[in-house]
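Heads up: numbering here begins at 1 and tracks the sequence. Numbering of ligands and ligand atoms starts at 1, following listing order.
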Amino acid sequence: MKYISTRGVSANQSATQSFSDILLGGLAPDGGLYLPEHYPQVADRLNEWRSLDYAELAFRILSLFIDDIPSADLRAICKKTYTAETYRYCRPGRNAADIVPLTSLAPDFHLLELSNGPTLAFKDMAMQLLGNLFEYALGKRGETINILGATSGDTGSAAEYAMLGKHNVRVFMLSPEGRMSAFQRAQMYSLDEPNIFNIAVRGMFDDAQDIVKAVSNDAEFKARYKIGAVNSINWARVAAQIVYYFKGYFAATRSNDDEVVFSVPSGNFGNICAGHIARMMGLPIARLVLATNENNVLDEFFRSGIYRPRTSSETHVTSSPSMDISKASNFERFVFDLVGRDAAVVRELWQSVDAGGTFDLNATPFMTHLPAFCFVSGSSSHADRLATIRDVWQRHQLMIDTHTADGVKVAREHGLPGLPTIVLETAQAVKFAETIREALDRDPLRPLPLEGIESLPQQVTVMAADVAAVKSFVAARC
Ligand SMILES: *Cc1c(COP(=O)(O)O)cnc(C)c1O
């Protein structure tokens, strides 16, 4: 399988790359995102795949996209990644060996538990694989990498837990001092590992993010200290996420003629992009429901055809904070498919977006193609979130987190009669305790092994929001 850029030269895509070429990189040199040159068609493999365990299913799917890692090695990486031990934080009575257990609220309404990994958010599903792929690829090349990132919560901890103990990877993670929940701080700062460095910056998330950008823009520093990233546009993360759409489909249906609806709490469009690709590969998905919070840039697009990224001052701070985005970094992948994979059109649309503007597909022929992609969308507010968390708790004795609540709320409005709806559960309630207390007037449930992590000793270096200080911290440890 070769990879092309969403902004490549459409008439003559000669600059193709292999999977291992793009694994450690970020954007394509032309500013686009990588996608496989075609989507493998798998409708006739569903029978064979239905009974596979998660690791083997992951291997079968990923091997369609990765042909430059020997099969035996890729299978071993999948087996090592998707274990009951790593994904053990499931609800009582669920089978951790399922990796993504299905929980039913009604005969045709299910949650797919994607947040049973070490950091209790769905980001572990892909990040754990990425950690093992990085270790493998760097080992082959005899290289090391220093990952520099900024986090407001879920991504940073998922990256740290994925890179724990990897001798050829160091992680330098910036977080805004005092801005994450006590649980999120404990998760990150209680790690005591020689390759993990937590830096709490005196400032907001945006300040931390700006420092990462400034360091990455210093080409000399970046090359000298082998600075890399694990951001959400990484293709391997999207590829890993395709697997659980198949697993969820098999768990919620009896026959491979059945169709389903998936509902996906969305921010950067990474998770639902994997659902789009699963559908393009032939998985019988009748509808992809995209749920946003008050930051409704994607809901607006699917309702109106207008893509209008927000400024940071227009971006709301909400109680489903991992969906507080101003623009959706993976959305360009979907638009590439929507416009018939014409990179020249994507370049033109993003010329406007990259300059701080918008685009409107109503004036183009592409708007008429949109319904064929089976997306519908909706948004949720803080009040909706509280009401949904309360309703699910009272009627089903299940505690759901704020992001999953957005997915449930919008799914209830957009299901299809007679078809199973599967809501992707993207985090556990304990990560967002404050809102759970507001909704239910009680503390959130938490998996037993994580009782008391807030009282463990913490390792974190507090620093001014200063690029030079961060650079010398990194340099002194490489
Ligand atoms: C990251 C995240 C999301 C949004 O996922 P995208 O891939 O960015 O659309 C939703 N919920 C939770 C809990 C997350 O951590």
Side-chain angles (χ1 to χ4, degrees), residues 33 89 111-128 130 149-162 180-181 183-184 187-188 205 230-242 244-245 262-278 288-299 301-302 309 315 318-334 375 377 379-380 385 388-389 400-411 423-433 435-436 444:
L33 279 65
Y89 302 104
L111 299 177
L112 188 64
E113 297 186 16
L114 303 182
S115 47
N116 296 339
T119 74
L120 311 186
F122 89 97
K123 304 232 166 32
D124 290 327
M125 293 303 303
M127 206 72 95
Q128 288 287 322
L130 201 67
T151 187
S152 54
D154 293 342
T155 309
S157 56
E160 291 186 352
Y161 281 78
M180 296 188 300
S181 72
F183 184 85
Q184 287 177 317
Q187 267 192 319
M188 287 178 62
F205 170 69
V230 289
N231 43 31
S232 80
I233 52 133
N234 184 291
W235 163 253
R237 285 180 61 182
V238 177
Q241 291 167 183
I242 295 170
Y244 52 69
Y245 284 87
F262 277 101
S263 173
V264 187
S266 293
N268 270 322
F269 206 83
N271 199 353
I272 202 164
C273 186
H276 157 68
I277 294 171
L288 286 161
V289 178
L290 182 146
T292 72
N293 63 18
E294 292 87 336
N295 296 295
N296 62 350
V297 44
L298 288 168
D299 178 34
F301 171 79
F302 283 100
T315 306
T318 76
S319 46
S320 42
S322 301
M323 289 152 56
D324 291 350
I325 52 104
S326 50
K327 58 178 191 297
S329 43
N330 276 292
F331 182 54
E332 184 171 334
R333 288 195 160 107
F334 171 71
F375 274 81
S377 71
S379 68
S380 171
R385 217 163 282 138
T388 307
I389 290 169
I400 57 171
D401 103 292
T402 52
H403 307 75
T404 309
D406 292 337
V408 169
K409 185 262 179 187
V410 178
V423 179
L424 301 190
E425 181 164 41
T426 56
Q428 293 199 26
V430 66
K431 295 194 93 169
F432 306 97
T435 310
I436 297 299

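For Lys409, the salt bridge (Lys or Arg N to Asp or Glu O under 4.0 Å) criterion is met by Asp384, Glu413, not counting sequence neighbours. Judged as a side-chain contact (heavy atoms from CB on, under 4.5 Å), and not counting sequence neighbours, the contacts of Ala291 are Val410. For Arg237, there are no salt bridge (Lys or Arg N to Asp or Glu O under 4.0 Å) partners, not counting sequence neighbours.
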Atom pairs, nitrogen or oxygen, ligand 1 to protein, under 3.5 angstrom:
{"unit_1": "ligand 1", "atom_1": "7 (O)", "unit_2": "Gly270", "atom_2": "N", "d": "3.2"}
{"unit_1": "ligand 1", "atom_1": "7 (O)", "unit_2": "Asn271", "atom_2": "N", "d": "2.9"}
{"unit_1": "ligand 1", "atom_1": "8 (O)", "unit_2": "Asn268", "atom_2": "N", "d": "2.7"}
{"unit_1": "ligand 1", "atom_1": "9 (O)", "unit_2": "Gly267", "atom_2": "N", "d": "2.7"}
{"unit_1": "ligand 1", "atom_1": "9 (O)", "unit_2": "Asn268", "atom_2": "N", "d": "3.2"}
{"unit_1": "ligand 1", "atom_1": "9 (O)", "unit_2": "Phe269", "atom_2": "N", "d": "3.1"}
{"unit_1": "ligand 1", "atom_1": "11 (N)", "unit_2": "Thr426", "atom_2": "OG1", "d": "2.9"}
{"unit_1": "ligand 1", "atom_1": "15 (O)", "unit_2": "Lys123", "atom_2": "NZ", "d": "2.6"}
{"unit_1": "ligand 1", "atom_1": "15 (O)", "unit_2": "Asp154", "atom_2": "OD2", "d": "2.6"}

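Side-chain contact, Asn296 with Ser379: no donor N or O sits under 3.5 Å from an acceptor N or O.
Between Phe302 and Phe331, the ring-plane angle classifies as perpendicular under the 30° and 60° cut-offs.
A salt bridge links Asp406 with Arg385: the closest approach of a Lys/Arg side-chain nitrogen to an acidic carboxylate oxygen falls below 4.0 angstrom.
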